[in-house]
Amino acid sequence: MTIQFKQETLAERVVLKPYIETVSKGGIHIARDSRSQAINTDRGEIFMIGPQAWYDLPKKPDLKVGDKVYYSHYAAKTLQDGDTFYIICNDKDILVGYSDGE
């Protein structure tokens, strides 16, 4: 079974793909499983944005699908679909967008 999110039902929520690191920058393989990393990270990539996200702000943040963000992971819900993990959080729980500087 594959999860298919209905964007119109997200309201002010944002769906993220959590950042899961399998090899460190130094080339060391990370032994933690993907589930553990998905639950314990605070970084992700925007997968879907609800139609009412940031509706109450005078200016919406310049974030779009594919952008990398830090989020408040204690306020997020983790879902698993096979080997893929998703994070659902409220728009206010997106803390800041970032780039890797590559």
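- Residue Glu12 holds its CD atom at 10.0 Å from CG of Asp93, rounded to the nearest 0.5 Å.
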Criterion salt bridge (charged side-chain N to carboxylate O under 4.0 Å, His left out) on Arg13 and Asp91, from CA distance to verdict: CA-CA 5 Å; Arg13 291 175 194 80; Asp91 56 359; over 6 Å; no
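- Checking side-chain atoms of Thr9 against main-chain N and O of Lys6 turns up a donor-acceptor pair under 3.5 Å.
- In this structure, OG1 in Thr41 is found 8.0 Å from CD1 in Ile87, a value given to the nearest 0.5 Å.
- In the hydrophobic clustering of this structure, Ile88 groups with Ile3; members are Ile, Leu, Val, Met, Phe, Trp, Tyr whose side-chain heavy atoms approach within less than 4.5 Å, directly or through other members.
- Among residues at least two apart or in separate chains, ring-ring contact (aromatic ring centres under 6.0 Å, His included) pairs with a member in residues 51-88 are Phe5-Tyr86, Phe47-Tyr86, Tyr70-Tyr98.
- Separation of atoms CG (Asn90) and NZ (Lys77) is listed at 13.5 Å; rounding is to 0.5 Å.
- From Ser34, atom OG reaches atom CG of Asp83 across 7.0 Å, with rounding to the nearest 0.5 Å.
- The distance from atom CG of Leu16 to atom OG1 of Thr78, rounded to the nearest 0.5 Å, is 10.0 Å.
- Between the CZ atom in Arg43 and the CD atom in Glu21 there is a gap of 6.5 Å [rounded to 0.5 Å].
- Formation of a donor-acceptor pair under 3.5 Å by the Gln7 side chain with backbone atoms of Ile49 is found in this model.
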From CA spacing to verdict: side chain to side chain contact (heavy atoms under 4.5 Å, CB included), Val69, Val96: CA-CA 6 Å; Val69 296; Val96 65; over 6 Å; no
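- Checked against side-chain hydrogen bond (donor to acceptor under 3.5 Å, both in side chains), Asp67 has the following partners two or more places apart in sequence or in another chain: Lys64.
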